[in-house]
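First the proteins, then the strands, lettered A, B, ... as listed; each starts at 1.
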There are 2 protein chains.
Amino acid sequence: MVELSISLDRAFHALSDATRRGMLDRLSRGPASVSELARPYSSSLAAIHQHVHVLESSGLIVTEKHGRTRQCRLSPEAVLTVETWLSDRRRLWEDRFDHLGKLLETPEDQT
Amino acid sequence: MVELSISLDRAFHALSDATRRGMLDRLSRGPASVSELARPYSSSLAAIHQHVHVLESSGLIVTEKHGRTRQCRLSPEAVLTVETWLSDRRRLWEDRFDHLGKLLETPEDQT
DNA sequence: TGAATACTTAAGCATATGGTTGAGCTTTCG
DNA sequence: CGAAAGCTCAACCATATGCTTAAGTATTCA
């Protein structure tokens, strides 16, 4: 349980940054080196390397050193973990809202 | 697009803390006041209030002041947003893994 | 009215995050 | 071999986060 919390902490944290999400999108089109991941951004390579490290320690990606380059690729299991957490909750919540029905539709909520 | 990124930033950030996820779980069993949300935790009420603020500005919950208490409840739309983002990616990634199949498993001996 | 309740805000503090630059380490190639 | 490529590491810095305590505001109720 604590383990799960810790990995959810890291996974959600990793996902909370637009640069890292962009890197994940890039990786969804196939593995890439650190330099390739850095290409769309103006940050230094060192900064991108730090993002790679955050993504890897969250489990969202796995990397392997090949010669002088590091290949990064996605790890769908970790995504499944967070997605499962979310969809479990959403199911619960929707059940609740189904039960409550009209309560949600009260006009006071028009903010 | 920028808007979406910003709200994903906030939503994922809000989800990256175990206390806030616990508060969301509590809210999945129905609306609660700030004090009720604080009950399971040893932190000060002020700290919990800050968590409520993070959750609210992420859009994951909505709150309303009733007299001297503030009622908090879930906002399923925001959860749907982040869950959709995740499941879209997972679909992409799984497609990739399906297509590539063995390619991903090739032992890379470039030495 | 006056006390209790339930937040709310402010200030301060320790730690974390995300960026930089610059140096260093392998690996590759002419 | 020696230089370039590609990453890695270490400092350093600015800002953000999460917590505390203390004080302030608004409601409720005896």
*Of A:Leu60, A:Asp17, A:Ile48, which is the lone residue that meets side-chain contact (heavy atoms from CB on, under 4.5 Å) with A:Met23?*
A:Ile48
*Name all pairs fulfilling the ring-ring contact (aromatic ring centres under 6.0 Å, His included) condition that reach into residues 7-26 of chain A, sequence neighbours left out, sorted by first residue then second.*
A:Phe12-A:Trp85
*Rounded to the nearest angstrom, tell me the gap between atom CG in A:Asp9 and atom C1' in D:dG18.*
13 Å
*Given DNA chain D, 5'-ward residue of the pair A:Ala46 and B:Ser16, judged by closest heavy atom*: A:Ala46
*asked:* Tell me whether the side-chain N or O atoms of A:Gln50 pair up with the base of C:dT20 as donor and acceptor below 3.5 Å, since no angle test is needed here.
replied: yes
*A:Arg73 vs A:Leu27 side-chain heavy atoms within contact, under 4.5 Å*: no
*Please state how far atom CG in B:Asp17 lies from atom P in C:dT17, giving the value in whole angstrom units.*
12 Å
_Can you measure A:His13 atom NE2 to D:dA16 atom P for me and round it to whole angstrom units?_
15 Å
*Between A:Tyr41 (OH) and C:dG18 (P), how many Å, whole number?*
14 Å
*OP1 or OP2 of D:dC19 less than 4.0 angstrom from a side-chain nitrogen or oxygen of B:His51, does that happen here?*
yes
*Can you tell me the distance, in whole Å, between the CD atom of B:Glu56 and the C1' atom of C:dT8?*
13 Å
_Under 3.5 Å side-chain donor-acceptor pair for B:Arg89 and A:Ser28_ = no
*Compare side-chain N and O positions of A:His49 against OP1 and OP2 of D:dT8 and report whether any pair is under 4.0 Å apart.*
yes
*Okay, side chain of B:Arg26, backbone of B:Leu37: is any donor-acceptor separation there less than 3.5 Å?*
no
*Checking all strands, does B:Ser44 fall into the base, sugar-phosphate, or nothing category for heavy-atom contacts under 4.0 angstrom?*
base
*In whole Å, what is the span from the CD atom of A:Glu64 to the C1' atom of C:dT26?*
17 Å
*Taking NE2 from B:His66 and P from C:dT8, how many angstroms apart are they, rounded to a whole number?*
12 Å
*Between A:Gln71 (CD) and D:dG6 (P), how many Å, whole number?*
12 Å
Polar atom pairs (N or O), protein with nucleotides 1-6 of chain C, under 3.5 Å:
{"from": "C:dT5", "atom 1": "O4'", "to": "B:Arg68", "atom 2": "NH1", "distance (Å)": "3.1"}
{"from": "C:dT5", "atom 1": "O2", "to": "B:Arg68", "atom 2": "NH1", "distance (Å)": "2.9"}
{"from": "C:dA6", "atom 1": "O3'", "to": "B:Arg68", "atom 2": "O", "distance (Å)": "3.4"}

*Tell me, which pairs form a side chain to side chain donor-acceptor pair (under 3.5 Å) where one or both residues lie in residues 45-55 of chain A, sequence neighbours left out?*
A:Arg20-A:His51
_ILVMFWY network linking A:Leu92 to B:Val82, side-chain heavy atoms under 4.5 angstrom_ = yes
